[in-house]
Amino acid sequence: FFFFFIFLVSHLQYTDKEEVVLWMNTVGPYHNRQETYKYFSLPFCAGSKKTISHYHETLGEALQGVELEFSGLDIKFKEEVMQTTYCEIELDKAKRDAFVYAIKNHYWYQMYIDDLPIWGIVGEADENGEDHYLWTYKKLEIGFNGNRIVDVNLTSEGKVKLVPNTRIAMSYSVKWKKSDVKFEDRFDKYLDPSFFQHRIHWFSIFNSFMMVIFLVGLVSMILMRTLRKDYARYSKEEEMDDMDRDLGDEYGWKQVHGDVFRPSSHPLIFSSLIGSGCQIFSVSLIVIIVAIVEDLYTERGSMLSTAIFVYAATSPVNGYFGGSLYAKQGGRRWIKQMFIGAFMIPAMVCGTAFFINFIAIYYHASRAIPFGTMVAVCCICFFVILPLNLVGTILGRNLSGQPNFPCRVNAVPRPIPEKKWFMEPAVIVCLGGILPFGSIFIEMYFIFTSFWAYKIYYVYGFMMLVLVILCIVTVCVTIVCTYFLLNAEDYRWQWTSFLSAASTAVYVYMYSFYYYFFKTKMYGLFQTSFYFGYMAVFSTALGIMCGAVGYMGTSAFVRKIYTNVKID
């Protein structure tokens, strides 16, 4: 990881007439961002220059389907090239059909010079859609500042009609111009401030912030006033004699003090989910901070590489919280819990990726994950994540695994009385996710657009604010839900608090359907399965994180209120 960051800051500095490499990356339909193929899968021809050192891709690039191949074009630093033919395409019927299919589906290609991306369109059809034309002339204009490349522009010219059994000459030219753009700012032209810093974005943050103030105020007011009344009522009952107390109508959360700290049902799964959620939260926090400090968008695959590294490094967090909670709930099979906690998220992500990989292989897409990369990911799971999780589990069990609850747990569970339909855990779970989703759904639009369309997400300060707002809203909502549930003398608060916060994920996934049908023009089995598969993974991870945050906040609240009340 250290070398990865060293690479970030040590970009190439050129001397005059030094070789500049033009890498061809991928080609694919414009509306399906993830459906990409090798550039030379279309019958393009390469330049004559063959001597080039091999390109070594990072783990993040391999997972994102980056397929860099040498263009064969001879480009030297500050050396201008007039229009030069670099190869000819023998256009038989099969090659013509391939190009026509690409033009009909709006295929575009991506290239890189000195890690700066350049996009070009394959060709275009006439107004009737009968004749198809290929762009044959790549006109490159490269800006330099001192001995570094700071800007690249491509103009496609030379429109040639596709006629079978003809020869098409492919040509290029290179023009160098001095630029005032600083090397550190060379990616600024790819960003879209008018989109990401739009008034709606600021307004949504302000709106969510007001919701937080309102919710925190509401929770404080309800709980402070109501709890004060409850404490007054309970202390009054302490002063009554036994006869009066038997005649009195006892009700409320104090009645379930003997059951409120009873272990949740399925403690093994529950503690694994809480541990995983705490880990996802810590990964989100660290990656956002790294993204704010370092401009990760300037490097191909660096965001994904960073996320994988941070996820592996934060495995002790998962083990600590999952292991300690399982020990508190009296769990005996702690090794099984550790394995489930360690592999829950990786298994979900790898399972989805494996399924989508079959489709990618069928399509011969560049998104097909190579076997070597799969082995590398499996090695990270078994030799990094699992041992670190074990360390966290042992620490969690020994340091905070004692069930030091403020109330004794009764031997016999108390029967749960009947209550109004809207107090049922199922109803609370369904309604619990609405407000947290309301606080993030505008940000979801910006995140979706940067991932599924052609925007580079760079406003990580906004994302940090939204994460903080989401956590506060989630905790507030789950505390209120749990208070109402306990008041109805229902002590099944653990799963209810987790699921009412996690139901945010259901609303996010429903929103992803709306986004797919109304905000994108995606089509085809590959792109659709890729979209809904990875949106399911994203939504589930978000749900587990929200659930864990909601549970941790609610757990602190429940412990607090039962510590302050006198119990016989």
Side-chain angles (χ1 to χ4, degrees), residues 22 24-47 71 73 82-112 117-141 152-175 189-190 192 194-195 363-366 448-450 452-456 515-528 530-531:
L22 175 66
M24 311 310 287
N25 183 17
T26 50
V27 64
Y30 178 77
H31 295 305
N32 293 356
R33 185 180 176 181
Q34 277 68 32
E35 188 187 331
T36 53
Y37 306 94
K38 288 183 180 178
Y39 176 79
F40 291 109
S41 64
L42 277 180
F44 286 115
C45 55
S71 61
L73 301 190
M82 302 306 287
Q83 186 172 355
T84 308
T85 300
Y86 62 88
C87 68
E88 288 189 337
I89 302 170
E90 293 274 357
L91 196 70
D92 56 22
K93 188 177 184 307
K95 287 181 181 177
R96 181 189 178 274
D97 290 347
F99 278 126
V100 166
Y101 179 81
I103 291 164
K104 278 182 177 172
N105 288 283
H106 308 288
Y107 271 45
W108 61 283
Y109 56 86
Q110 188 184 40
M111 310 183 292
Y112 281 98
I118 320 152
W119 294 273
I121 194 119
V122 171
E124 65 175 39
D126 63 4
E127 289 176 7
N128 307 322
E130 290 171 5
D131 295 328
H132 297 84
Y133 299 88
L134 187 72
W135 295 111
T136 61
Y137 174 28
K138 292 180 177 66
K139 198 173 173 183
L140 289 162
E141 194 175 86
V152 184
N153 288 304
L154 169 72
T155 310
S156 295
E157 291 182 3
K159 199 160 75 167
V160 173
K161 187 176 174 182
L162 292 169
V163 180
N165 305 317
T166 55
R167 294 168 74 88
I168 295 178
M170 303 296 286
S171 58
Y172 80 108
S173 68
V174 182
K175 188 181 179 189
K189 73 175 234 181
Y190 300 105
D192 190 351
S194 62
F195 177 73
Y363 272 72
H364 303 291
S366 67
F448 286 8
T449 304
S450 63
W452 300 111
Y454 300 96
K455 303 280 184 191
I456 295 175
Y515 185 85
Y516 178 86
F517 289 109
F518 296 102
K519 297 291 181 186
T520 71
K521 293 179 180 175
M522 296 177 190
Y523 61 90
L525 172 68
F526 175 72
Q527 184 67 28
T528 305
F530 196 97
Y531 178 86

Query raised in the report: If you round to the nearest 0.5 Å, how far is OG of S173 from OH of Y137?
Result: 2.5 Å

Query raised in the report: For Y516 and Q527, what are the C-alpha separation, side-chain angles and deciding distance, and is it a side-chain contact (heavy atoms from CB on, under 4.5 Å)?
Result: CA-CA 11 Å; Y516 178 86; Q527 184 67 28; 5.6 Å; no

Query raised in the report: With under 30° as parallel and over 60° as perpendicular, where do the rings of W108 and Y454 fit, or are they tilted in between?
Result: perpendicular

**Report entry** Greater than 12 external heavy atoms within 6.0 Å of F40's CZ
**Finding:** yes

Query raised in the report: Side chain of Y39, backbone of S71: donor and acceptor closer than 3.5 Å?
Result: no

Query raised in the report: What pair of heavy atoms forms the shortest contact from V27 to S41, and how long is it?
Result: CG1-OG, 4.1 Å

Report summary line: To the nearest 0.5 Å, atom NE2 of H132 lies from atom CG of D97 at 10.5 Å

Report task. Give the ring-plane orientation class for H106 versus H31, where under 30° counts as parallel, over 60° as perpendicular and anything between as tilted. Result -> perpendicular

Report task. Evaluate the side-chain contact (heavy atoms from CB on, under 4.5 Å) criterion for residues Y172 and T84: first the C-alpha distance (whole Å), next the side-chain angles of each, then the deciding distance (0.1 Å), finally the verdict. Result -> CA-CA 6 Å; Y172 80 108; T84 308; 4.2 Å; yes

Query raised in the report: Hey, are the side chains of T520 and F448 touching, using non-hydrogen atoms and a 4.5 Å cut-off?
Result: no

Requested in this report: State, with a plain yes or no, whether a side-chain heavy atom of I103 is found less than 4.5 Å away from one of L162.
Outcome: yes

**Report entry** Nearest heavy atoms of N32 and E35, plus distance in Å
**Finding:** ND2-OE1, 2.9 Å

Query raised in the report: Is it true that F99 and Y133 have ring centroids separated by less than 6.0 Å?
Result: no

Query raised in the report: Between NZ of K93 and CG of N165, what distance do you get to the nearest 0.5 Å?
Result: 10.5 Å

Query raised in the report: Does the side-chain contact (heavy atoms from CB on, under 4.5 Å) test come out yes or no for L42 and Y107, once each step is laid out?
Result: CA-CA 10 Å; L42 277 180; Y107 271 45; 4.3 Å; yes

Query raised in the report: Distance from Q34 atom CD to F530 atom CZ, nearest 0.5 Å?
Result: 5.0 Å

Report summary line: Looking only at heavy atoms, the pair that brings Y86 and C45 closest together is CE1-O, 3.7 Å

**Report entry** Over all atoms of both residues, closest heavy-atom pair of L154 and M111
**Finding:** CD2-CE, 3.7 Å

Query raised in the report: For Y523 and N105, does a side-chain donor sit closer than 3.5 Å to a side-chain acceptor?
Result: yes

Query raised in the report: With side chains defined as the heavy atoms from C-beta onward, is the minimum distance between W452 and K519 less than 4.5 Å?
Result: no

Query raised in the report: When rounded to the nearest 0.5 angstrom, what distance separates CD1 in I168 from CD1 in I89?
Result: 5.5 Å

Report summary line: Looking only at heavy atoms, the pair that brings F526 and A365 closest together is CZ-CB, 4.2 Å

Requested in this report: Taking the side chain as every heavy atom from C-beta outward, state whether K138 and M170 have any atom pair closer than 4.5 Å.
Outcome: yes

Check: residues 118-129 side-chain donor-acceptor pairs under 3.5 Å, at least two apart:
unit_1 : atom_1 : unit_2 : atom_2 : d
E124   : OE2    : K159   : NZ     : 3.0
D126   : OD1    : N128   : N      : 3.4
D126   : OD1    : G129   : N      : 2.8
D126   : OD1    : E130   : N      : 3.1
D126   : OD1    : D131   : N      : 3.4
D126   : OD2    : D131   : N      : 3.4

Report summary line: Shortest non-hydrogen pair, S366 vs K38, comes out as CB-N, 4.4 Å

Query raised in the report: Can you tell me if NZ on K189 sees more than 12 non-hydrogen neighbours from other groups inside 6.0 Å?
Result: yes

Query - Inter-residue atom distance R33.CZ - S450.OG, 0.5 Å rounding - result: 7.5 Å

Requested in this report: Side-chain contact test, heavy atoms from C-beta onward, threshold under 4.5 Å: evaluate it for P117 versus Y112 and give yes or no.
Outcome: yes

